[in-house]
Number of protein chains: 2
Amino acid sequence: MDSTQAVLDFVNHGHERYLPHLSIDCVIFSYHEQQLKILLIRYYNQSKWSLPGGFIAKDETLTQAANRILAEKTQINNLFLRQFQVFGDSPARLNELGAREVHNATYAKVNVALDENSWLAKRTLSIGYYALVGYLDVVVTPEYLVDEYCWREVTNIPPLLFDHQEIIESALLTLRSQIYQQPIGYNLLLEKFTLPEIHALYETILGKQFDRRNFRKKLLALGLVRQLDERRNIGPHRSPFLYEFDTENYRRALEEGAVLGF
Amino acid sequence: MDSTQAVLDFVNHGHERYLPHLSIDCVIFSYHEQQLKILLIRYYNQSKWSLPGGFIAKDETLTQAANRILAEKTQINNLFLRQFQVFGDSPARLNELGAREVHNATYAKVNVALDENSWLAKRTLSIGYYALVGYLDVVVTPEYLVDEYCWREVTNIPPLLFDHQEIIESALLTLRSQIYQQPIGYNLLLEKFTLPEIHALYETILGKQFDRRNFRKKLLALGLVRQLDERRNIGPHRSPFLYEFDTENYRRALEEGAVLGF
DNA sequence: GCAAAAGTGTTTTCAGTACACCCATGC
DNA sequence: GCATGGGTGTACTGAAAACACTTTTGC
């Protein structure tokens with residue numbers, strides 16, 4: 001939606017294309033400068049931030065919808081995307097009137113006020129997806145109703161609309177619990193990475209510290225990563241070696257549910 | 001729904017009470033005679049079986065809806081119930097015409113045929129829940145449109161409508177992956193149980209065998225169970241001791257994500 | 001007495017953990 | 001030469017795994 005006309009069409013005719021009562025919200029994680037970050041957007045005329053989201057078209061599958069929405073927001077296709085939970089309990093979701101007022105603040109930009117019969121004014125449950133993306137791969141496309149966007153560190157999330165805070169917390173818990181079953185390192189790091197990078201990533205996600213030597217030993221023992229002959233030149237100190245994932249071993253380890261036991 | 005009148009009201013006025021496009025399907029597990037079983041129902045005029053399910057009322061939360069539906073089917077309140085996945089990809093779900101024909105076979109009992117505008121004829125995504133219940137606690141209430149119900153062993157599931165087979169498979173995978181994080185043994189066994197019972201339960205769910213001695217050692221070492229002074233008199237052989245869960249330790253172990261490492 | 005089911009301990013092995021010093025670089 | 005960050009090996013410990021014989025009971 002990149003024009004007044006497109007927004008009006010969405011408001012007035014969206015119910016013909018999309019399923020009402022159901023939306024998708026995406027928690028998009030990336031890792032940059034040793035920090036785990038989430039992509040947030042702020043809609044026109046809102047002080048609180050939101051998760052990027054969208055609706056499911058009547059003629060597309062749920063998975064297609066989630067991938068389409070992500071691609072629209074980040075220009076990345078085929079990214080790592082997992083459904084994790086449906087949110088339908090929050091009082092903010094049951095209160096149709098309150099939600100409508102929030103939306104109307106934004107739609108004021110196109111001089112529209114939703115009436116109580118609008119498909120957008122109905123109680124909506126949201127399916128939470130989380131995505132893992134390369135920080136540098138993302139190109140956030142400006143949308144007409146979005147004033148700004150930002151990457152925020154997970155430990156420093158600003159006030160959010162509706163139950164989006166809860167969705168993020170749940171996504172984080174899921175990320176933690178799936179770190180040994182999903183190729184999380186693979187999707188958040190560049191193709192080549194240093195040991196300190198992946199070490200810090202695991203420490204950040206799991207929120208605890210690991211001994212450098214044991215961490216490397218484990219990774220190598222499981223054959224998850226291969227040490228390369230190159231080093232990365234960063235700053236004034238000894239250059240760290242580069243590593244890459246041994247995708248074959250990595251895949252197998254995840255399938256076996258290999259608990260890395262950190 | 002226990003009368004023609006109630007069904008007609010549901011078909012004609014359900015859209016005023018329930019959210020369209022969205023249903024809840026329940027995979028209800030119990031454990032009986034050393035077998036993991038699932039509750040299935042067969043609707044009037046259908047040859048294939050179905051999972052018990054229902055819709056979300058406009059004024060109740062998602063969690064309330066799931067609990068209400070389960071209570072309606074099994075007469076159990078406050079049972080162990082967990083949301084695990086939304087199903088919205090199956091071709092059977094996208095094909096509104098095909099789904100309508102299936103439903104109409106059943107609604108023929110009340111001489112109704114859904115037209116394409118009926119709320120029940122719309123594409124529906126389903127939120128999958130799984131429940132763990134005591135086999136003996138369940139009282140299945142006969143519903144007007146349900147011809148019969150049965151407990152089927154998970155390894156021997158008959159042909160099912162729509163994507164219910166996929167839902168069961170996904171529920172089983174979830175059950176396996178959560179066996180160390182959720183009080184699965186606690187909810188599937190009676191208050192007092194024998195070592196062979198819980199041993200067989202874990203073997204059944206995880207689909208592999210465990211050494212009896214190591215299994216018991218682990219359970220006791222973690223303090224999850226307490227051996228009682230009683231024995232259970234079953235059949236012609238040596239009577240096994242009874243055990244009970246040490247709920248306090250059990251709870252703590254699950255919180256810590258104590259991998260039981262079987 | 002024998003078949004079927006349940007009870008029980010010891011040894012080995014391997015993976016997790018703890019721990020400290022050296023090397024390279026830029027300023 | 002010193003501050004910073006990266007690289008690396010060993011010893012200990014504890015939990016998982018492997019393993020077999022005895023007891024009870026009904027027939």
Side-chain angles (χ1 to χ4, degrees), chain A residues 33-35 179-180 189-190 192-204 206-244 249 252-254 256-262, chain B residues 33-35 179-180 189-190 192-204 206-244 249 252-254 256-262:
Chain A
E33 291 174 341
Q34 315 276 64
Q35 294 184 326
I179 198 166
Y180 302 133
L189 295 168
L190 299 174
K192 297 176 181 179
F193 50 88
T194 68
L195 206 64
E197 279 168 356
I198 189 172
H199 180 223
L201 172 64
Y202 273 74
E203 288 193 339
T204 303
L206 295 174
K208 54 181 173 178
Q209 302 202 307
F210 303 111
D211 182 275
R212 289 209 314 278
R213 292 159 289 192
N214 294 336
F215 186 82
R216 172 169 179 271
K217 202 191 313 173
K218 193 69 182 283
L219 247 41
L220 290 173
L222 287 170
L224 300 186
V225 300
R226 256 191 307 268
Q227 186 166 354
L228 302 176
D229 260 350
E230 318 163 55
R231 289 159 171 250
R232 172 171 294 167
N233 250 337
I234 46 157
H237 309 297
R238 188 175 184 179
S239 334
F241 280 103
L242 286 171
Y243 290 75
E244 63 181 14
N249 271 335
R252 230 170 346 103
L254 291 173
E256 290 166 11
V259 173
L260 290 84
F262 295 128
Chain B
E33 290 173 342
Q34 315 276 64
Q35 294 185 327
I179 197 167
Y180 301 134
L189 296 168
L190 299 174
K192 297 177 182 180
F193 49 89
T194 67
L195 206 63
E197 279 168 356
I198 188 171
H199 179 224
L201 172 64
Y202 274 75
E203 288 193 339
T204 303
L206 294 174
K208 54 181 174 177
Q209 302 203 305
F210 303 111
D211 182 275
R212 291 210 313 279
R213 292 160 288 192
N214 294 336
F215 186 82
R216 172 170 180 269
K217 204 189 312 172
K218 193 70 183 284
L219 246 41
L220 289 173
L222 286 169
L224 300 186
V225 301
R226 256 192 307 267
Q227 185 167 356
L228 301 176
D229 259 349
E230 317 163 55
R231 290 160 170 248
R232 172 172 294 166
N233 250 337
I234 44 158
H237 309 297
R238 187 174 183 174
S239 332
F241 280 103
L242 287 171
Y243 290 75
E244 63 181 12
N249 273 336
R252 236 179 331 110
L254 292 173
E256 291 165 12
V259 172
L260 290 83
F262 295 127

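Here is the naming used below: chain letters follow the sequence lines, and residue numbers restart at 1 for every chain.
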Rounded distance (Å) that lies between atom [atom2] of [N] and atom [atom1] of [X]:
{"X": "Gln227(B)", "N": "dG7(C)", "atom1": "CD", "atom2": "C1'", "value": "9 Å"}
{"X": "Leu219(B)", "N": "dT8(C)", "atom1": "CG", "atom2": "C1'", "value": "15 Å"}
{"X": "Arg216(B)", "N": "dA6(C)", "atom1": "CZ", "atom2": "C1'", "value": "11 Å"}
{"X": "Phe241(A)", "N": "dG6(D)", "atom1": "CZ", "atom2": "C1'", "value": "10 Å"}
{"X": "His199(B)", "N": "dG7(C)", "atom1": "NE2", "atom2": "P", "value": "11 Å"}
{"X": "Asn214(A)", "N": "dT13(D)", "atom1": "CG", "atom2": "P", "value": "16 Å"}
{"X": "Phe215(B)", "N": "dA15(D)", "atom1": "CZ", "atom2": "P", "value": "18 Å"}
{"X": "Gln34(B)", "N": "dA4(C)", "atom1": "CD", "atom2": "P", "value": "17 Å"}

Among dT10(D), dG6(D), dT8(D), the nucleotide that comes nearest once only the side chain of Pro196(A) is considered: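 Selected nucleotide (nearest to the side chain): dG6(D).
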
Go through the steps to decide whether Tyr202(A) and Phe215(A) satisfy the test ring-ring contact (aromatic ring centres under 6.0 Å, His included), and finish with yes or no. CA-CA 10 Å; Tyr202(A) 273 74; Phe215(A) 186 82; 5.6 Å; yes

Look at the side chain of [X] and the base of [N], then say whether one donor and one acceptor between them are separated by less than 3.5 Å.
{"X": "Lys218(A)", "N": "dT17(C)", "result": "no"}
{"X": "Lys217(A)", "N": "dT17(C)", "result": "yes"}
{"X": "Arg213(B)", "N": "dA20(D)", "result": "yes"}

Could you label the plane-to-plane angle of the Phe210(A) and His199(A) rings as parallel, tilted or perpendicular, counting under 30° as parallel and over 60° as perpendicular?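 Rings of Phe210(A) and His199(A): tilted, 30 to 60°.
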
Nucleotide by nucleotide, 5' to 3', does protein get under 4.0 Å of the base (B), only the sugar-phosphate (S), or neither (-) in nucleotides 21-27 of chain C, counting heavy atoms? --BBBS-

Count the heavy atoms of every other residue, nucleotide or ligand shown that sit under 6.0 Å from CD of Gln227(A), and state whether that count exceeds 12.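 Counting other residues, nucleotides and ligands, CD of Gln227(A) exceeds 12 neighbours.
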
Flag yes if more than 12 heavy atoms outside Gln209(A) fall under 6.0 Å of its CD atom; otherwise flag no.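 12 or below, so no.
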
Do Lys218(B) and Leu222(B) pass the side chain to side chain contact (heavy atoms under 4.5 Å, CB included) test, and can you show the C-alpha distance, the side-chain angles, and the key distance before you say yes or no? CA-CA 6 Å; Lys218(B) 193 70 183 284; Leu222(B) 286 169; 4.0 Å; yes

So that I can tick it off, tell me whether Lys192(B) and Glu244(B) are bridged by a salt bridge, with the cut-off set at under 4.0 angstrom between side-chain N and carboxylate O.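 Salt bridge flag = no for Lys192(B) with Glu244(B).
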
What residues form a side-chain hydrogen bond (donor to acceptor under 3.5 Å, both in side chains) with Arg238(A), not counting sequence neighbours?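 Counting only residues at least two positions away or on another chain, Arg238(A) forms no side-chain hydrogen bond (donor to acceptor under 3.5 Å, both in side chains).
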
